[in-house]
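So the structure is just underneath, and the comments pick up after that.
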Amino acid sequence: MITIRIFALLCGSLLMAALTPDQRRLNLESFEQVWTTIRDKHWEAKPGGLDWQAVHDEFRPRMERANSMADSNAVLSEMLERLHQTHFHVFPTEVYSGIATDGPRDGDASIGVDVRVIDGEALVTSVEPESPAAKAGVHLGWTIAKVDGNSVAGSLVHVAKSAGELTITRIVLARIHGPAGSAVRMEFLDGGNKPVSLTLQRVTDRGAIAKFGFLPPMHVWLESKKLGEDVGYIRFNVFLDPARLMSEFGDAIQSDLKTGGIIIDLRGNPGGLGVMAMGMAGWFFDKPNQRLGTMYMRDATLKFVVNPRLPEYRGKVAILVDGASASTSEIFAGGMKDLGRARIFGSRTAAAALPSSIERLPNGEGFQYAQANYISEGGKPLEGIGVTPDEAVSLTRESLLAGHDPVVDAAVQWIRSQRKAQ
């Protein structure tokens, strides 16, 4: 088995190897693609207020002199840093393969678990009832040590410096997912840190398949329930399939009209269609012309205006977020917070609110770039900052192993305390 230290050294050796003439050519083509994309697609005519042609003329000779992949990566990264804007990254080939969405995938069937990386460990944070993982006895709080014999910790070390919680979570889940009916060999560490080896068959994920644009088909689901008789709970995995999801969300709200509070759990939700945030927010307002914020593109401005949906919900609203809540999740949570309609629980969001694309460069690496800027109704950008919870509460391995969700518990306690105070 390759230790984490050796794994990291091997990756570093590959990056430092001398370039072949063909690699030099591809690196120069990659440089031109990155520079041209920003020139043509950035929301500002002068990206970052810079003379972008002058930036090209400064960095192109340095790319020509780059003698290794590490050198070429450093040139591109320094050029992108001149923008002083997030959502502009170049990912090494190994990282790009774990987050790319622009090509065919091996499959998105799962074993029925969700994962978060907490204190450097990939932990099971939810287990779907009747899933292969549930039937095999997988518990909350177990550490995922290996997938098909490959160390998960090794993967985390490799991406830790270039990826946030959202990307790391996607990479870990990508290792677990695969074609429906295929088997995956999992090695967990149980609550006592004893290895548990299981071979599990992947099954089709829950929800209905939705397709949007160039994104691969995704399973979209929503779940709702009551936490006692006085608190409603709604969770869904992505802002897609608007015709069905908006209807299900509205039905869930209507069924909770008499509750004292509703929890909307957006943890792990990477976002999707921004306009859906406006429609969902409409269930919580009775006055028109409220805005969640404004998105600025090069040739257009989109105001996220909330249209009331009657009868509106008048109880307390708690929204749960974490570092894997991104894009439309941040727009919805941040907007509801700015308008004083929701209290936010959890940890700071991904700070990745902007619409962005990830594409493959000629040299095989990945390039992520944003195409718009978003300012919340409170006058703050979410990109690079994220939504800060009103109450910071985090999952821990100890709480998961005990079967408790401290974030949900904190939201329920707040809702019930507000009712008593009235």
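Hydrogens, waters and symmetry mates play no part in the numbers below; they use all other heavy atoms, side chains included.
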Rounded to the nearest 0.5 Å, the CE atom of Met336 sits from the OG atom of Ser376 at a distance of 14.0 Å
* **Asn307 side-chain N/O to Met278 backbone N/O, donor-acceptor pair under 3.5 Å** => no
Practice item. Check whether any side-chain heavy atom of Leu140 sits under 4.5 Å from a side-chain heavy atom of Leu123, and report yes or no. Key: no
With a 4.5 Å heavy-atom cut-off, do Val147 and Met186 have their side chains touching?
-> yes
If you count heavy atoms of other groups shown closer than 6.0 angstrom to CD of Glu64, is the number above 12?
yes
Look at the side chain of Trp35 and the backbone N and O of Trp52, then say whether any donor-acceptor pair between them is shorter than 3.5 Å. yes
To the nearest 0.5 Å, atom CD of Glu359 lies from atom OH of Tyr369 at 4.0 Å
- Message: Main chain of Phe239, side chain of Thr328: is a donor-acceptor contact present, judged purely on distance under 3.5 Å?
- Response: no
- Could you check Gln418 against Arg343 for side chain to side chain contact (heavy atoms under 4.5 Å, CB included), going step by step and ending with a plain yes or no? CA-CA 12 Å; Gln418 294 299 299; Arg343 189 167 181 82; over 6 Å; no
* Asked: Under 3.5 Å, is there a donor-acceptor pair between the side chain of Thr349 and the main chain of Val387?
  -> yes
Subject >> Phe31-His56 aromatic ring centre distance below 6.0 Å >> reply: yes
Practice prompt. Measure the acute angle between the ring planes of Trp414 and Phe345, then classify it against the limits of 30° and 60° as parallel, tilted or perpendicular.
Written response: tilted
Heavy-atom nearest pair, His219 first then Asp205, reads ND1-O, 3.4 Å
ask   = Is it the case that Ser30 and Asn27 place a side-chain donor and acceptor less than 3.5 Å from each other?
value = no
Heavy-atom nearest pair, Gly191 first then Leu401, reads CA-CD2, 3.8 Å
When rounded to the nearest 0.5 Å, the distance separating CG of Leu198 from CZ of Arg185 is 12.0 Å
Handout entry: Exam field: side chain Arg82 to backbone Val55, donor-acceptor pair closer than 3.5 Å
Key = no
Short question: side chain of Ser77, backbone of Asn73 - any donor-acceptor pair under 3.5 Å? yes
The complete set of salt bridge (Lys or Arg N to Asp or Glu O under 4.0 Å) pairs with one or both residues in residues 255-283, sequence neighbours excluded, reads Lys226-Asp256, Asp265-Arg267, Arg267-Asp405
The complete set of ring pair (Phe, Tyr, Trp, His ring centres under 6.0 Å) pairs with one or both residues in residues 380-401, sequence neighbours excluded, reads none
**OP:** Indicate yes or no: at least one non-hydrogen side-chain atom of Glu312 is less than 4.5 angstrom from one of Phe285.
**Re:** no
Ile415 and Ile262 have their tightest heavy-atom pair at CD1-N, 4.0 Å
Leu222 backbone acceptor or donor facing Arg206 side chain under 3.5 Å
no
Do the non-hydrogen side-chain atoms of Pro47 and Arg39 ever get within less than 4.5 Å of each other?
no
Donor-acceptor pair, distance only, cut-off 3.5 Å: does the side chain of Ser325 make one with the backbone of Leu266? yes
- Message: Could you check whether any side-chain heavy atom of Arg397 comes within less than 4.5 Å of a side-chain heavy atom of Ile118, counting everything from C-beta outward?
- Response: no
Next item on the list: Could you go through the side chain to side chain contact (heavy atoms under 4.5 Å, CB included) check for Ile264 and Phe249 one step at a time?
Entry: CA-CA 10 Å; Ile264 302 174; Phe249 185 85; 4.1 Å; yes
- Item | Pair Leu80-Ile38, side chain to side chain contact (heavy atoms under 4.5 Å, CB included): steps then yes or no | CA-CA 9 Å; Leu80 293 175; Ile38 294 173; 3.3 Å; yes
NZ of Lys337 to CD1 of Ile344, rounded to nearest 0.5 Å, is 6.5 Å
* List the steps and the verdict of side chain to side chain contact (heavy atoms under 4.5 Å, CB included) for Met246 and Arg309. => CA-CA 12 Å; Met246 294 294 285; Arg309 309 282 295 273; 4.3 Å; yes
Tyr296 and Thr294 have their tightest heavy-atom pair at CZ-CG2, 3.6 Å
Scanning both residues in full, the closest heavy-atom pair of Ala324 with Arg116 reads CB-NE, 4.1 Å
Query - Enclosure of Asn193 CG (heavy-atom neighbours >12, cutoff 6.0 Å) - result: yes
Any side-chain heavy atom of Lys41 sitting closer than 4.5 Å to one from Arg298? no
Self-check item: Donor-acceptor pair, side chain of Ser247 and main chain of Arg244, under 3.5 angstrom
Solution: no
Rounded to the nearest 0.5 Å, the CZ atom of Arg24 sits from the CG atom of Asn67 at a distance of 5.0 Å
Would you say the side chain of Gln33 lies within less than 4.5 Å of the side chain of Phe367, judging by non-hydrogen atoms?
no
Would you call the rings of Trp43 and Phe88 parallel, tilted or perpendicular if under 30° counts as parallel and over 60° as perpendicular?
tilted
Do the side chains of Phe188 and Ile144 get nearer than 4.5 Å, heavy atoms only? yes
Side chain Asn363, main chain Leu26, donor-acceptor under 3.5 Å = no
Rounded to the nearest 0.5 Å, the CD atom of Glu29 sits from the OG1 atom of Thr36 at a distance of 11.5 Å
For Val220 and Leu240 the tightest heavy-atom approach is CG1-O, 3.8 Å
